[in-house]
Amino acid sequence: MSAYYPPTGFHFRVEFLGVGGADSDTEQRFQEVSGLSFEVETEELREGGENRFVYKLPKRAKYPNLVLKRGLLTSTVLLQWLQDALRTYFTVVIYDFKPADLLITLLDESDAQVAVWKVVQAYPVKWSTADLRATENTILVETIELAYQYFERQPVQNTVLK
């Protein structure tokens, strides 16, 4: 009987579906993904005569923003996608911006899929870089924050991604 070992969380890729040119390996590599979670809002219902507890009824799911971090790329199609979003939000000129679906794929040591999450209708709400400091010798990290509708776990395909 083989033992089960939980997967590690450091080997993954992020694919932006529908963003032209974002399918290159460079565009899919991030050092950190956070915010892949949900919380169910509840409504309390107090019943007359029942003082031991309060009913908690589910209302809807809330999804926090998805935060992606990576070393700053000097030439990236995601930067153009971010700029198109910014122009679309605040001008009357129509740009070619569309929200994107994302696939976040956790990989094992042989690049086989362990888990896949599909993030639906993501759009940028914040972009930033780490502070510039002449006294430190670190990689400049850019942060992309995305709002989205929802995510769902996808079935895993047992093929090795290359």
Side-chain angles (χ1 to χ4, degrees), residues 1-42 58 60-89 96-162:
M1 181 172 144
S2 66
Y4 172 76
Y5 296 102
T8 58
F10 62 82
H11 188 40
F12 59 90
R13 78 171 26 130
V14 179
E15 299 173 73
F16 283 76
L17 307 176
V19 177
D23 55 352
S24 72
D25 187 53
T26 305
E27 296 286 347
Q28 297 175 359
R29 299 291 176 180
F30 289 86
Q31 78 180 48
E32 185 178 325
V33 175
S34 60
L36 195 59
S37 64
F38 70 90
E39 181 180 340
V40 176
E41 293 179 359
T42 59
R60 67 181 56 88
K62 287 188 341 186
Y63 298 90
N65 288 344
L66 190 67
V67 179
L68 309 174
K69 294 183 180 184
R70 67 178 177 186
L72 180 70
L73 296 178
T74 56
S75 177
T76 171
V77 296
L78 288 183
L79 182 59
Q80 184 62 48
W81 182 71
L82 294 167
Q83 290 172 341
D84 287 346
L86 185 64
R87 291 181 186 122
T88 300
Y89 298 161
D96 191 26
F97 171 76
K98 294 182 180 120
D101 291 347
L102 278 71
L103 285 180
I104 301 169
T105 307
L106 182 63
L107 305 168
D108 68 9
E109 64 278 355
S110 64
D111 284 344
Q113 296 179 348
V114 176
V116 179
W117 296 270
K118 183 177 183 180
V119 178
V120 177
Q121 295 290 299
Y123 58 92
V125 293
K126 183 178 180 182
W127 177 91
S128 64
T129 63
D131 295 338
L132 303 172
R133 293 190 177 113
T135 59
E136 293 183 11
N137 184 16
T138 58
I139 293 174
L140 186 63
V141 174
E142 73 176 333
T143 302
I144 302 169
E145 193 168 327
L146 306 169
Y148 60 96
Q149 303 302 319
Y150 64 95
F151 73 88
E152 55 191 15
R153 183 121 176 234
Q154 299 288 299
V156 173
Q157 300 172 2
N158 292 326
T159 59
V160 176
L161 298 175
K162 292 285 181 177

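The side chain to side chain contact (heavy atoms under 4.5 Å, CB included) check on E109 picks up nothing, with sequence neighbours excluded. Here Q28 pairs with R13 under the side chain to side chain donor-acceptor pair (under 3.5 Å) rule; sequence neighbours left out. In this structure Y148 satisfies the ring pair (Phe, Tyr, Trp, His ring centres under 6.0 Å) test together with Y63, sequence neighbours excluded. In this view, S34 and E32, V67 satisfy the side chain to side chain contact (heavy atoms under 4.5 Å, CB included) rule, not counting sequence neighbours. Qualifying side chain to side chain donor-acceptor pair (under 3.5 Å) partners for D108, counting only residues two or more places apart in sequence or in other chains: S110. When the side chain to side chain contact (heavy atoms under 4.5 Å, CB included) test is applied to S24, the partners found at least two apart in sequence or on another chain are T26, E27. Remark: F30 engages no residue in a ring pair (Phe, Tyr, Trp, His ring centres under 6.0 Å) (not counting sequence neighbours). Applying the side chain to side chain contact (heavy atoms under 4.5 Å, CB included) rule to F10 yields the partners T8; only residues at least two apart in sequence or on another chain are considered. With sequence neighbours left out, Q83 forms a side chain to side chain donor-acceptor pair (under 3.5 Å) with no residue at all.
The two atoms that bring L17 and A100 nearest to each other are O-CB, 3.5 Å, heavy atoms only. The nearest pair of heavy atoms linking P99 to Y123 is CB-CB, 4.5 Å. The nearest pair of heavy atoms linking Q31 to G71 is OE1-N, 4.3 Å. Closest of all the heavy-atom pairs between G35 and P64 is O-CG, 3.5 Å.
Partner of H11 under the side chain to side chain contact (heavy atoms under 4.5 Å, CB included) criterion, out of D111, T105, V114: D111 alone.
Here CD of Q113 is found 10.0 Å from CG of L106. Values are rounded to the nearest 0.5 Å. The line from CZ of F151 to CG of L66 is 9.5 Å long, rounded to the nearest 0.5 Å. Taking CG of L140 as the reference point, atom CZ of R70 lies at 12.0 Å (rounded to 0.5 Å). If you take CG on L68 and CD1 on I104, they are separated by 6.5 Å, rounding to the nearest 0.5 Å. For the atom pair L146 CG and L82 CG, the distance stands at 7.5 Å (nearest 0.5 Å).
Screening residues 128-139 for side-chain hydrogen bond (donor to acceptor under 3.5 Å, both in side chains), with sequence neighbours left out, gives D131-R133. Sorted pairs that involve residues 145-154 and meet salt bridge (Lys or Arg N to Asp or Glu O under 4.0 Å), not counting sequence neighbours, are lacking altogether. Each salt bridge (Lys or Arg N to Asp or Glu O under 4.0 Å) pair with one or both residues in residues 118-128, not counting sequence neighbours, appears once here: D101-K118.
The shortest side-chain heavy-atom distance between P124 and F97 falls under the 4.5 Å cut-off. With contacts defined as side-chain heavy-atom distances shorter than 4.5 Å, the pair V119/L36 qualifies. Contact of the E142 side chain with the L78 side chain is not registered, since no non-hydrogen atoms from C-beta on lie closer than 4.5 Å.
In terms of modelled atom types and a separation under 3.5 Å, the side chain of W117 and the main chain of L102 share no donor-acceptor contact.
Between F16 and W81, the ring planes lie perpendicular to each other; the angle is over 60°, past the 30° to 60° tilted range.
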